[in-house]
There are 2 protein chains.
Amino acid sequence: MIDTTPLVKKLGAFVALSDAELSVLATLLKRRRSFVAGRDLVHQGQSDQAAYILASGWACSYKLLEDGQRQIVDFQIPGDFLGLRSVLLHVSDHSIEPVTDIEVTEIHVADLLEAFAHTPRLATAVLWAASRDEAMVVEHLVDVGRRNAAERMAHFLLELAARLFLIGQGDRTGFACPLTQYHLADALGLSAVHVNRVLRQLREEGMVTFRDGLVTFDDYARLAEFAQFDPSYMDQANPLLR
Amino acid sequence: MIDTTPLVKKLGAFVALSDAELSVLATLLKRRRSFVAGRDLVHQGQSDQAAYILASGWACSYKLLEDGQRQIVDFQIPGDFLGLRSVLLHVSDHSIEPVTDIEVTEIHVADLLEAFAHTPRLATAVLWAASRDEAMVVEHLVDVGRRNAAERMAHFLLELAARLFLIGQGDRTGFACPLTQYHLADALGLSAVHVNRVLRQLREEGMVTFRDGLVTFDDYARLAEFAQFDPSYMDQANPLLR
DNA sequence: CGGGTCGTTGACGCTCTTCAAAGCACGTGG
DNA sequence: CCACGTGCTTTGAAGAGCGTCAACGACCCG
């Protein structure tokens, strides 16, 4: 089943799943759905019964404040869960917006929890995936709490590149990036105006160029040094559970 | 087993655990250990085989940057896991420091994963606990990314109060708080000097007083309004899985 | 009594936000 | 085919928020 490839690859990085386990995973996948860019899939406060796995396109999860400000918590790329936390908790604590047009595969919570009973290793794999997601949110918190605007931007772009590389999109020279400067601002806790200035600075210093939907690393090594980028938190090593 | 009470209470909020499941949980708990304040339990980069459940005292998990700055990701109070993410991922992406002298109960990862095979509902409960922890990190990210210093402080103190209330420590009038202003600064992405100024401001405006290890809510309603505090993300509702 | 940790306060300046305006690429309708 | 709107980017100027530096006081424990 082609849909599952990015997910299986991701879960397989932690738990070597058997054919039987993979087929259980396949039965969880219900219908395929499409959503258009900019129209929320999930609203803050909504009660859900379904989560999704992103098949193609980019999405972002965010929280809105009463005064209209928003904080983007994370971006999702193919293979990532959408709204897994929403269904485990009783109500969604965040909203999800497709950044581009996206395709997703639906999963019902009840099915997922039921599957854990017969396929405990699957539960372990999902717990690992959730931990990895949390590790990325944590690194994001460090970004926003303790790095200045330029370091924050550099670190963020390097993290995105590393995640995209894992699913075969982009390399050390750069990647295609559908985000606007407003997305970057809301993710990094900056104003859009300042995002623009920081991008200019990084470009003029010959480290990275963000233009026309393309991120180009002009000097990857220097950028990584500048951002103090250490990808070990993404846990892209070998399976722990064999 | 008295040790497990806060944990069982927490997990029970999501999954009504049977006596059999509770006894499995009890067998996971190995020896009791104590650590003194200020001496790290877990170091960033360390490979672990054990996680802990906090029985008494406060701890914090944090990440250090190369230039010596630190970001505190979360504080742990009795009933919380310590280092669960460290053992699911291959290496710890953070350090853990006891804020006070603490007592913990050790759990071996291998045992925990093994228990999932026989007690899948336990896996679900642990996945829920991990999701709830993630939700708190996410709210913390919103704090640091989009709230000013005073709102951030107010929101943070209200969240702590709500968590402590769940385990029977503190109420709407306030709580005992062993944190220093340096802890608050490292958690909120501020300087210790500015933390002091913000605390003075909140105190002079009659909303909350932080003094001598005690947080006193002088006007809870106004503080909650000021911080736009909405505790729903902590998911303190009824069990989803019965 | 002396040193260490924590809290407190003032002065100064940098980072980042806000406000304002203009340019570019696009799609849409006349 | 051009006028017009809309979303995104770009740039400047002014000022607020918060960090840094520096100093001092309170308390605890050796």
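Below, chains carry the letters A, B, ... as their sequence lines are ordered, and counting in each starts from 1.
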Checklist line | Nearest-nucleotide pick for B:A149, side chain only, options being D:dC18, D:dC8, C:dG7 | finding: D:dC18

Check: Within this structure, what is the CG-to-C1' distance between A:L188 and C:dT17, rounded to whole angstrom?
Finding: 15 Å

Notebook entry, point to check: Do B:M207 and B:F226 come within less than 4.5 Å of each other through their side chains, counting heavy atoms only?
Noted result: yes

Margin query: Regarding B:G213, tell me which of base, sugar-phosphate or nothing describes its non-hydrogen contacts under 4.0 Å with the strands shown.
Written below: nothing

Item checked: No-hydrogen, no-angle side-chain donor-acceptor test under 3.5 Å, B:T180 and B:H183 -> yes

Margin query: Please verify the inter-ring angle class for A:H140 with A:F156; under 30° counts as parallel, over 60° as perpendicular, anything in between as tilted.
Written below: tilted

Next item on the list: To the nearest Å, give me how far apart CZ (B:R146) and C1' (C:dC16) are.
Entry: 12 Å

Item checked: Residues B:R85, B:E134: salt bridge by 4.0 Å N-O rule -> no

Notebook entry, point to check: Whole Å only: how far is the CZ atom of B:R211 from the C1' atom of D:dA26?
Noted result: 12 Å

Note to self: If I take atom CD in residue B:E151 and atom P in nucleotide D:dG17, what distance separates them, rounded to the nearest angstrom?
What the structure shows: 11 Å

Next item on the list: Taking only heavy atoms on the protein side, list every residue of residues 194-210 of chain A lying under 4.0 Å from any atom of DNA chain C, sorted numerically.
Entry: A:H194, A:R197

Next item on the list: Could you tell me, to 10°, how much the axis swings from one end of the helix from C:dC1-D:dG30 to C:dG30-D:dC1 to the other, five pairs per end?
Entry: 30°

Next item on the list: Grab the OH-C1' distance between A:Y182 and C:dT18 for me, whole Å please.
Entry: 13 Å

Note to self: Please tell me if A:Q181 has a side-chain N or O lying less than 4.0 Å from either OP1 or OP2 of D:dG7.
What the structure shows: no

Next item on the list: In plain terms, say whether B:D67 and A:R146 are close enough for a salt bridge, that is, a side-chain N and a carboxylate O under 4.0 Å apart.
Entry: no

Check: Which nucleotide in the list D:dT20, D:dT9, C:dC19 gets nearest to the side chain of B:V193?
Finding: D:dT20

Checklist line | Atom pair distance, as rounded to whole Å: CG in A:N148 and C1' in C:dT17 | finding: 16 Å

Next item on the list: Quick one: sort the B:F229 and B:H155 rings into parallel, tilted or perpendicular, breaks at 30° and 60°.
Entry: perpendicular

Next item on the list: State whether a side-chain donor-acceptor pair under 3.5 Å links B:Y62 with B:D40.
Entry: yes

Next item on the list: Tell me which nucleotide among D:dA22, D:dG19, C:dG7 gets nearest to the side chain of B:L190.
Entry: D:dG19

Notebook entry, point to check: When all nucleic acid strands are considered with a 4.0 Å heavy-atom cut-off, which category describes B:S191: base, sugar-phosphate, or nothing?
Noted result: base

Notebook entry, point to check: Between B:D218 and B:T209, is any side-chain donor less than 3.5 angstrom from a side-chain acceptor?
Noted result: yes

Next item on the list: To the nearest Å, give me how far apart CG (B:D143) and C1' (D:dC18) are.
Entry: 16 Å

Notebook entry, point to check: Under a 4.0 Å N-O cut-off, is there an ion pair linking A:R147 with A:E139?
Noted result: yes

Next item on the list: May I have the distance from A:D67 (atom CG) to C:dT17 (atom C1'), rounded to whole angstrom?
Entry: 14 Å

